[in-house]
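To find a chain, count down the sequence lines: A is the first, B the second, and so on, and within it residues start at 1. Keep in mind the model is a prediction, meaning the values are calculated, not measured.
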Number of protein chains: 2
Amino acid sequence: MANIKDVAERAGVSVATVSRVLNGRSPVAGTRERVLAAVAELGYRPDAVARALRTARTRTLGLVISDLRNPFFTELADAVEQEARRLGYSLIIGNAGESTRQQDDHIRTLLDRRIDGLLVSSAGTGSAMLREAADAGTPLVLLDRTVPGVAAPCVRAEGRAALTELAAHLAALGRRRPAVIVAPAGTPVGDERLELFRAALAAHGIALPPERAGASPDLRPEGGRQVMRRLLDLPEPPDAVLATDNLMALGALDEVRARGLRVPSDVALVAFDDVAWFAHLDPPLTAVAQPTRALGEAAVHTLLERVEGREAPSVLLPARLVKRRSCGEPATD
Amino acid sequence: MANIKDVAERAGVSVATVSRVLNGRSPVAGTRERVLAAVAELGYRPDAVARALRTARTRTLGLVISDLRNPFFTELADAVEQEARRLGYSLIIGNAGESTRQQDDHIRTLLDRRIDGLLVSSAGTGSAMLREAADAGTPLVLLDRTVPGVAAPCVRAEGRAALTELAAHLAALGRRRPAVIVAPAGTPVGDERLELFRAALAAHGIALPPERAGASPDLRPEGGRQVMRRLLDLPEPPDAVLATDNLMALGALDEVRARGLRVPSDVALVAFDDVAWFAHLDPPLTAVAQPTRALGEAAVHTLLERVEGREAPSVLLPARLVKRRSCGEPATD
DNA sequence: CCCGGGCGTGTAATCGATTTCCTGACTCGC
DNA sequence: GCGAGTCAGGAAATCGATTACACGCCCGGG
């Protein structure tokens, strides 16, 4: 592969001049064209590795995602990648699979590769490397999940408005015994969603007692199904269930069907995260839609601010309610 | 961040010695420990960028995936990433979103970054950069999709056995008018699947006439839905439909439901690609499962063979049929 | 006693770019 | 016609590692 020296030779100039032409500095018309011709003839492309070494900027960002197979995070990762690329950055994605060890593993190699900035939707809260990265001065932005003790801006969605609307929606449909399938302890957003929902229900005089708030052991369908099983076995089973994550909602739906019950006539079901195939379920699922694409874009922008050395605040974007048919209402989309 | 010179100074040796200790060559016990102590005290980690420049190996692979949002490819990308990491390589993932332009864009930046090898599940067949990469000598392996005119091993699944079993399954259930929703022209695997299925059906004396093989304009639900619409409007509508991709199957299911018809009583539905949530649909979908994880691993192994300069053959792994309830049979899982 | 072979380690070249410093030519004004 | 200012472009340092080569030391054999 041709390097800058080959180009310089062919154009009859020094490497400095070639570099200047390619980076849009000084050189004059005549020289400029000779250099560009040589570049074209040799098919020269600057070596990003050498450039990174010299400039101390790799133009690469790292993204460590808690679970890439979860469609919400797939979409998020895709949004981040697109926006990063639009702004001239490559993205190295690491999937932690909800394991702190793998997460730390990824962060370490990313730091070794001298990425310009790091985006993390943390699995668990006890990540040593995360703290180390922050302390080492690597620009860091948290995504979707805050981590106590790590001083970095966090970009995530917030469900107040959507959950308020949901409470009203359920109240209007006469649902009086709501329940929540909460994300496992250690994922802060789960509790927040529970409390916001509880407060919103209270405004309609509807209670959400502790026994109708079940924490799932994991963020997968099986965990959601287990909680739903316990909920339906209650002496007074719920008539509406909110799952704070899309995969747990799927498992919950399985349990309802396995008992020969129906959504929404026997129990209403609402999920957090509006993933594409919710619209293809039967019935189409009502969901609290996070602004996934906007989150990804905001995360990249916030991170690049920090890469440039500027301060950047946390970002909270509102989620919105997408009403479909899983609460008993006719679809609106 | 500490560099090798700092470590050398602190340990009272030369940089060469530090490098040798870290790469497991010669140095003797005493020196060795002093160096390791200095490394630990300074928290030194070698700069992968500098190392890559010097050794001409980045220990990074590139993966350009045709559509990351398609769950089949998400799983595939995840499998590739895990295996690559297990073998000491980082992975830069680029999502082409089924666009040749974006794909070429990605390939170009990956080449600029001097990745050691490139894995591509090509969107379309007319990629100029793909040919350029192959010609430039970058180790290249195709994934899931062959590209005519590009000389590179291809790792993909092959459905003969599964489709043979499927034909028997449908025949046994008395389905006589099968149809296929084929991937758009330009994705070679679509036609192959159609022909294998047709041949398998013929063995049972069942015909698959051209009007019951509809090509979808894209690999998304809407495309599948359009084809299903045409199929159901035929004077003799099919009693079993195979979609050669998971997203098209979803759209097809939508159309069936929209007409008030039922799966499997009115029409059986089978999808290619067994993605996790097929089991959560109602009814759970019978599917031709590609060995996704094995494909990802084989792709990485094949690519690394080529990176080492060895020849590597194409890999064809058999898909298998996962019978659920969408053809009228009781579930087997 | 001296010479040669091994072995541990240091010096310096190298990878491919960017960038600082400097030189030389040209222009312009007095 | 000559000094000052401008500007294009070259030489060389630099980023942080790896590694070829050389050197010095120790040991054993003749």
Please check the phosphate of C:dT14 (OP1 and OP2 only) for any side-chain N or O of B:R54 closer than 4.0 Å. no
Indicate whether the side chain of B:D245 and that of B:N70 have a donor and an acceptor atom separated by less than 3.5 Å. yes
For B:R57 and C:dC15, give me the distance from atom CZ to atom P, rounded to whole Å. 18 Å
Report yes or no: is there a donor-acceptor pair, N or O only, under 3.5 Å between the side chain of A:R114 and the base of D:dG16? no
Gap between atoms CD1 and P, on A:I4 and C:dT19 respectively (whole Å): 11 Å
Only pairs at least two apart or in different chains count here, so list each side chain to side chain donor-acceptor pair (under 3.5 Å) that has a residue in residues 308-317 of chain A. A:E305-A:R310
Value in whole Å for how far the P atom of D:dG9 lies from CG of A:N23: 15 Å
Indicate, with a heavy-atom threshold strictly under 4.0 Å, whether B:V13 touches base, sugar-phosphate, or nothing. sugar-phosphate
Please list all pairs passing the salt bridge (Lys or Arg N to Asp or Glu O under 4.0 Å) test where one or both residues lie in residues 87-111 of chain A, with sequence neighbours left out. A:E98-A:R145, A:D105-B:R85
Could you tell me how far apart A:M1 (CE) and C:dG16 (P) are, to the nearest whole angstrom? 11 Å
CG of A:L53 versus P of C:dT14: gap in Å, rounded? 17 Å
Measure from CG on B:L22 to P on D:dG16 and round the result to the nearest Å. 16 Å
Indicate, yes or no, whether a donor-acceptor pair under 3.5 Å links the base of D:dG10 to the side chain of A:R20. yes
Would you tell me whether B:S90 and A:R113 have side-chain atoms, one donor and one acceptor, within less than 3.5 Å of each other? yes
Between B:S19 and D:dA17, does any side-chain N or O lie under 4.0 Å from OP1 or OP2? no
Under 4.0 Å between a side-chain N/O of B:T17 and OP1 or OP2 of C:dG8, yes or no? no
Does the side chain of B:N3 get closer than 4.0 angstrom to OP1 or OP2 of D:dC15 through an N or O atom? no
Distance only, no hydrogens: is a donor on one side chain within 3.5 Å (strictly under) of an acceptor on the other, for A:S121 and A:S66? yes
Tell me the interatomic distance from B:K5, atom NZ, to D:dT18, atom P, rounded to whole angstroms. 16 Å
Atom-to-atom span, CG of A:D47 to C1' of C:dT18 - whole angstrom: 13 Å
